[in-house]
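Contents: one structure, followed by commentary.
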Amino acid sequence: MSEITKVLIRILPFLVILIVLNIRIKQKKISTSELAIQKPDSKKKYFIWCISFLLFCLITEYLLYRNGILEIKKQSFNLVPSIIRIIGMVIIAPIAEELIYRGLFLSKLISLKISKHIAIFILALIFVGSHSFAFENTLSSKIGIAQTFIDASLFSYARFSTKSIYTPITMHMTGNLIATLEIFLL
């Protein structure tokens with residue numbers, strides 16, 4: 001199987017999610033308000049969340065690197081698969097995951113009259129479980145589990161704070177961009 005095929009297969013589920021959500025919205029089976037597809041209620045809050053998350057990621061990664069804990073599996077890829085992989089990791093996956101987790105799932109949990117904090121906790125656990133590194137038994141994996149749980153919680157609180165899915169999408173893209181740069185540059 002070619003490298004491009006492997007990359008496209010990894011991105012395909014995210015594209016399917018985006019297509020299905022788009023169809024369901026057009027069919028009026030899912031509302032844009034249910035997914036929180038709206039401008040943030042405050043640009044100031046949006047920028048505070050996004051800049052704070054960027055700083056959090058940079059400081060965390062720096063401290064892990066400085067203490068010799070950050071394990072980066074440097075990878076070498078051909079140009080076209082690398083471009084597709086970067087687009088998938090930095091743009092497509094964060095949009096699809098945020099629409100599903102902080103959009104649809106979070107709205108469903110809240111509609112069940114579950115407290116906001118419990119809903120965020122449940123969603124963060126599910127989000128961690130959906131990421132494959134959670135099943136490895138390494139220090140790096142354990143740190144990744146904690147980071148992903150914290151990130152998922154922050155994404156949910158940002159969505160509530162700004163009343164918009166665009167805030168966690170931007171934050172998620174930021175985190176994935178940093179991880180992608182580490183893979184390709186370090």
Side-chain angles (χ1 to χ4, degrees), residues 1-26 35 37 50-51 53-105 123-152 154-156 158-159 165-186:
M1 185 180 314
S2 77
E3 190 177 350
I4 291 177
T5 304
K6 289 177 185 176
V7 172
L8 290 173
I9 288 171
R10 296 236 347 149
I11 294 171
L12 185 62
F14 300 109
L15 291 172
V16 170
I17 288 169
L18 293 173
I19 291 166
V20 169
L21 285 175
N22 191 39
I23 290 168
R24 302 297 284 174
I25 290 169
K26 288 186 188 299
L35 296 174
I37 300 175
C50 293
I51 299 300
F53 185 73
L54 171 63
L55 293 173
F56 168 73
C57 288
L58 291 174
I59 290 167
T60 301
E61 296 299 295
Y62 172 76
L63 291 173
L64 291 172
Y65 178 76
R66 174 92 181 189
N67 290 301
I69 299 172
L70 183 64
E71 293 178 20
I72 299 171
K73 296 175 186 170
K74 182 170 174 43
Q75 301 184 22
S76 177
F77 302 103
N78 294 323
L79 181 63
V80 174
S82 293
I83 291 170
I84 296 168
R85 182 174 276 112
I86 291 167
I87 290 169
M89 289 172 64
V90 177
I91 299 171
I92 298 170
I95 293 171
E97 287 184 338
E98 291 311 312
L99 286 170
I100 288 293
Y101 288 101
R102 262 56 68 181
L104 190 62
F105 292 171
L123 209 53
L125 288 176
I126 294 169
F127 191 72
V128 167
S130 71
H131 288 76
S132 61
F133 64 79
F135 305 106
E136 296 174 16
N137 191 20
T138 64
L139 177 60
S140 181
S141 176
K142 291 172 184 169
I143 291 169
I145 290 168
Q147 283 180 305
T148 303
F149 183 86
I150 292 166
D151 291 354
L154 290 172
F155 298 160
S156 294
R159 185 232 166 172
I165 198 69
Y166 297 126
T167 312
I169 287 173
T170 304
M171 292 166 66
H172 197 151
M173 286 177 168
T174 301
N176 283 14
L177 176 62
I178 291 168
T180 301
L181 289 172
E182 289 172 347
I183 291 169
F184 284 93
L185 299 178
L186 294 182

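Throughout, numbering of the chain's residues begins at 1 and tracks the sequence.
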I need the minimum non-hydrogen distance between Ile165 and Glu98, along with the two atoms involved. CD1-O, 3.2 Å

Which residues pass the side-chain hydrogen bond (donor to acceptor under 3.5 Å, both in side chains) test with Thr138, sequence neighbours left out? none

Is there a side-chain contact (heavy atoms from CB on, under 4.5 Å) between Arg85 and Ile183 once you walk through the steps? CA-CA 11 Å; Arg85 182 174 276 112; Ile183 291 169; over 6 Å; no

Listed by chain and number, what are the ring-ring contact (aromatic ring centres under 6.0 Å, His included) partners of Phe127, not counting sequence neighbours? Tyr101, His131, His172

Applying side-chain hydrogen bond (donor to acceptor under 3.5 Å, both in side chains), can you list everything that pairs with Arg24, at least two apart in sequence or on another chain? Gln27

Counting only N and O atoms by type, is there a donor-acceptor contact under 3.5 Å from the side chain of Arg102 to the main-chain atoms of Phe155? no

For Pro13, give me all partners under side-chain contact (heavy atoms from CB on, under 4.5 Å), at least two apart in sequence or on another chain. none

For the atom pair OH (Tyr166) and CD1 (Ile95), what is the distance rounded to the nearest 0.5 Å? 9.5 Å

Can Arg159 and Thr167 be said to form a side-chain contact (heavy atoms from CB on, under 4.5 Å), step by step? CA-CA 6 Å; Arg159 185 232 166 172; Thr167 312; over 6 Å; no

Tell me every residue that passes side-chain hydrogen bond (donor to acceptor under 3.5 Å, both in side chains) with Thr170, counting only those two or more places apart in sequence or in another chain. Tyr46

Once rounded to the nearest 0.5 Å, what's the spacing between atom OG1 of Thr174 and atom CG of Leu58? 9.5 Å

So which heavy atom on Pro94 is nearest to which on Asn176, and how close? CG-ND2, 3.5 Å

Out of curiosity, Leu99 CG to Leu104 CG, how far, rounded to the nearest 0.5 Å? 9.0 Å

Could you state the interatomic distance from CD1 (Ile100) to CD1 (Ile126), rounded to the nearest 0.5 Å? 12.0 Å

Please evaluate residues Ile178 and Leu54 with respect to the criterion side-chain contact (heavy atoms from CB on, under 4.5 Å), reporting the C-alpha separation (whole Å), side-chain torsions for both, the decisive distance (0.1 Å), and the verdict. CA-CA 9 Å; Ile178 291 168; Leu54 171 63; 3.9 Å; yes

Does Leu177 have any side-chain contact (heavy atoms from CB on, under 4.5 Å) partners at least two apart in sequence or in another chain, and if so, which? Val90, Leu181

Please identify each residue that fulfils side-chain contact (heavy atoms from CB on, under 4.5 Å) with Phe149, with sequence neighbours left out. Phe121, Ala124, Leu125, Val128, Ser153

Identified side-chain contact (heavy atoms from CB on, under 4.5 Å) partner of Ile23 from the options Val20, Leu21, Ile19: Ile19

So CG of Asn78 and OG of Ser2: to nearest 0.5 Å the spacing works out to 10.0 Å

How long is the gap from CD1 on Ile87 to CD1 on Ile92, to the nearest 0.5 Å? 6.5 Å

Looking only at heavy atoms, which two atoms of Pro81 and Ile4 are closest? And how far apart? CG-CG1, 3.6 Å

My understanding is that only residues two or more places apart in sequence, or in another chain, count here; which of them pass side-chain contact (heavy atoms from CB on, under 4.5 Å) with Leu64? Thr60, Glu61, Ile69, Leu70, Ile143, Gln147

